[in-house]
Amino acid sequence: MIAQVIVDVAAKQTDRIFEYHIPQALDDVEVGSRVVVPFGRRKVQGFVVGLSEKSSFKGKLKDLLLVIDEMPPLTPELVELSKTLSDQIFAYRITLLQTMLPRVMRANYRKILTPIDEKVKNLPLFQGEPVDLNSVSDLDKIVLIKKLLKQNQAKIEYLVENKAKKKVEAQYNLTQKLAFYQEIVKKVPTNAKKQVALLNDIIENFDQYPKKSTDLKKLELSTSVLKTATQKGWLEKQEVETYRDPLKDFEPEKNARKITLNEDQQHALDKIAGSIKNKQAKTYLLEGITGSGKTEVYLHAIQETLNDGRNALMLVPEISLTPQMVRQVKQRFGSSVAVLHSALSEGERYDEWRRIRRGQARVVVGARSAIFAPLKNIGLVVIDEEHESSYKQEDTPRYHARNVALWRSKFHNCPLVLGSATPSLSSRARAQKGVYELLFLKHRANKKSLPEVEIVDLKKIQFAGGQFDLSVNLVEAIQEKIARHEQVILMLNRRGFAAFMLCRACGFVLKCPNCDISLTYHKDTKDMQCHYCGHKEPIPKRCPNCQSQEIRFLGTGTQKIQEELNELIPQAKILRMDVDTTRRKGSYKRILDSFGNHEADILLGTQMIAKGLDFPNVTLVGVINADTGLQMPDYNAAEKTFDLLTQVSGRAGRAQKTGHVMIQTYNPEHYAIELAKTQNYEAFYRKEMQVRHEGNYPPFFFTTLISVASKNEQTAAKFAFAVKRQLMAKLHAPTIILGPTPSSIAKIKNQYFYQILVKYKHEPNLNPILHQLQDKAQEVQKTGLNVYIDNEPERII
DNA sequence: AGCACGCCGACT
DNA sequence: GTCGGCGTGCTC
């Protein structure tokens, strides 16, 4: 038998199948097995993607060396998915296979130099031990090593190591009958208090044994006591494999309330449940405002799936994978839930993943990468907040979890539920066309009225303090709430790095004449540029609209706002939450717990505070500057702004108290802001579709972004123009090729970026051209030129 | 990717 | 002569 293997070498020349003979001893190998194979002179890890009787290879096949895991880590489904996906998103297949697995399963390669000749064994280089070549950098040593190899006095061994460590824990088994312990406890010297305590525990809780060392911790014994007990033959120590359980802090709720669904919810559930039963690969778009009870529909649908004997996969944005969220699911489905998200340690992640792979978890909840969970027999896939851009991975492999979900839904013949208060335009448009089925949740399940939203026009109001960030209105509102012992959430929309020109007098924002997108201030080149068409103009000294000299280039940070608040409202306790304060593991939860316990009055953060948080005591939500998002040079800037404002408004007044929202803006008349005031998604959808139609943007056109990066700006630009010429030669109208234009952040990590945006409706020539480009990309990488291809980009830097 | 082979210039 | 620089080609 022959195994078809994808080897762990990410390169275009090796991005194909290599065949290996399967030796007798390894005939348990399966599709999806992780193996070690000889590859040239080396040994590398690989994945078996097929088995065959005959080989098409002319030369002599080598043998597989090792099958690493007892159970193949990849299911045949995932192996197949890797093939389809690698073609779609221009990633090497091995990269995808690796992405599907926990990081600890990636191979660690080592080269070990071992002496052959007796004479060289005692050289200072070896000192009796083999040498790890990865840690040798000394030039003299390298010379010596080469000499030894040449004279055949030493050899190199190639090792493939597995980083995955199973956690083992000591377990103590009883060796005797109960009566024995009852006898022995009398004979133990009275000063051996801890031994007595241990024996008493054994006698009292005899049937709870064997106990693990964590369980014995409660007795406050030192390890020496356990050691003596083992030596005396009372106990027997055994190493057992355990799972690191990230959910151990969550107690399942004893008597979970039965929640009855309202009419809308029930209708949605019936539809979804019908598709679960009939094994229909149908996509539903569940549209409902905050508080309309989408989660409850998901949970009921998951229950239906389980009742039907199948398993469920639910994705939530990383940001809302909060303890609150996890608790909710855990309470409903108990130990059959597995969670996968980035806050887990690598070990925890590996253990959760193994529980899923072994079929011990029936419900998987996780962030983006959980879409690759090795769950079998899937009966339902849910994507909550489907419009979230975090479902798109921003570096290779640039997959979109929603696309992968569609594929898996087809594979398993099961429904896919996309839920959102503000669906992505593309999903909503598909629902319009009947590709997806639209399910509406019209009413807030908790019957609460929507919060009152007030737009604060920054052109017309007074600022508090010396800075132009906080209006008097907002500061007064905050003070009022604090005086009433209520809490406030303040959001600084996006961490704006791309500064834009704004007129303080009339609110004018300088835009590109061709693209209806604001021009970005380039400090390095001292001009204003459009990131779509490359238009440039000088930095204005006066406002082009009203000739006022009061123009500013904006960009502000959470830290600055915190300082201002400290000055203006000294009595307020402020918690800041942004990437800087949440970098450490668990700090996210710590900040939220602290705020939940009312240890602070104000939670100030970036958009990470906009989603899913539920603090009943919060009665005011303030958006410090709604415009920062609008000024981003992305075609979907308005959509992102509308989403964020709608989401963050939902944080106010979650319980009995009525919520109040204040949105500060220089553009109160912009449709994204105006419509966010009434949270009218449908109206926004219609307006934005019109804008997209006029601009030839998604969902009317597909898009692909090609980025070229180099340390040398000329090199990047030259290559980008060459790519453009090639595209122009082979693609035809109505396909639109924009650029190349320099990226808004002209230099990232000392690399200059140029990008080309291809917009197309139907362009069969594009995929082959881009594959050629991908091959070319590896070739030119040696010259320091990096080329990235992003299918359906969410962001255009 | 990484490793070997191979062909040229500059040293003990 | 030989060491080592990097261009070229291959890995089942």
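Note that these values count all heavy atoms, side chains included, but never hydrogens, waters or copies made by symmetry. Every chain is numbered from 1 and lettered A, B, ... according to where its sequence line falls, protein lines coming before strand lines.
Within 4.0 Å of A:Tyr92, counting heavy atoms only, lies no atom of the nucleic acid at all. Using a 4.0 Å heavy-atom distance criterion, A:Tyr20 is classed as a sugar-phosphate-only contact.
Applying the side-chain contact (heavy atoms from CB on, under 4.5 Å) test between A:Val37 and each of A:Leu65, A:Leu66, A:Asp8, A:Val44 identifies A:Val44 as the sole match.
Residue A:Leu144 contributes atom CG, which lies 17 Å from atom C1' of C:dG4 at whole-angstrom precision. The nearest whole Å value for the distance from the CG atom in A:Leu61 to the C1' atom in C:dT11 is 13 Å. Whole-Å rounding puts the A:Leu133 CG to B:dG2 P distance at 14 Å. With rounding to whole Å, A:Asp8 atom CG is found 19 Å from C:dT11 atom P. Between the NZ atom of A:Lys147 and the P atom of C:dC3 there is a distance of 10 Å, rounded to whole Å. In this structure, A:His21 atom NE2 and C:dC12 atom C1' are separated by 13 Å, rounded to whole Å. What separates CZ of A:Phe39 from C1' of B:dC3 is a distance of 11 Å, to the nearest Å. The CZ atom of A:Arg93 sits 20 Å away from the P atom of B:dA1 (whole-angstrom rounding).
Aromatic ring pairs are classed by plane angle as parallel below 30°, tilted from 30° to 60° and perpendicular above 60°; the pair A:Tyr635 and A:Tyr697 is parallel.
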| query | Hey, mind stepping through A:Phe18 and A:Phe39 against ring-ring contact (aromatic ring centres under 6.0 Å, His included) and telling me if it holds? | reply | CA-CA 9 Å; A:Phe18 287 87; A:Phe39 196 63; 4.9 Å; yes
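Within the 4.0 Å cut-off from OP1 or OP2 of B:dG2, not a single side-chain nitrogen or oxygen of A:Lys111 is found. Under 4.0 angstrom from either OP1 or OP2 of C:dG9 there lies no side-chain N or O belonging to A:Gln13. OP1 or OP2 of B:dA4 lies within a sub-4.0 Å distance of a side-chain N or O belonging to A:Arg41.
With A:Asp634 contributing its side chain and A:Asn636 its backbone, the two residues share no donor-acceptor pair below 3.5 Å.
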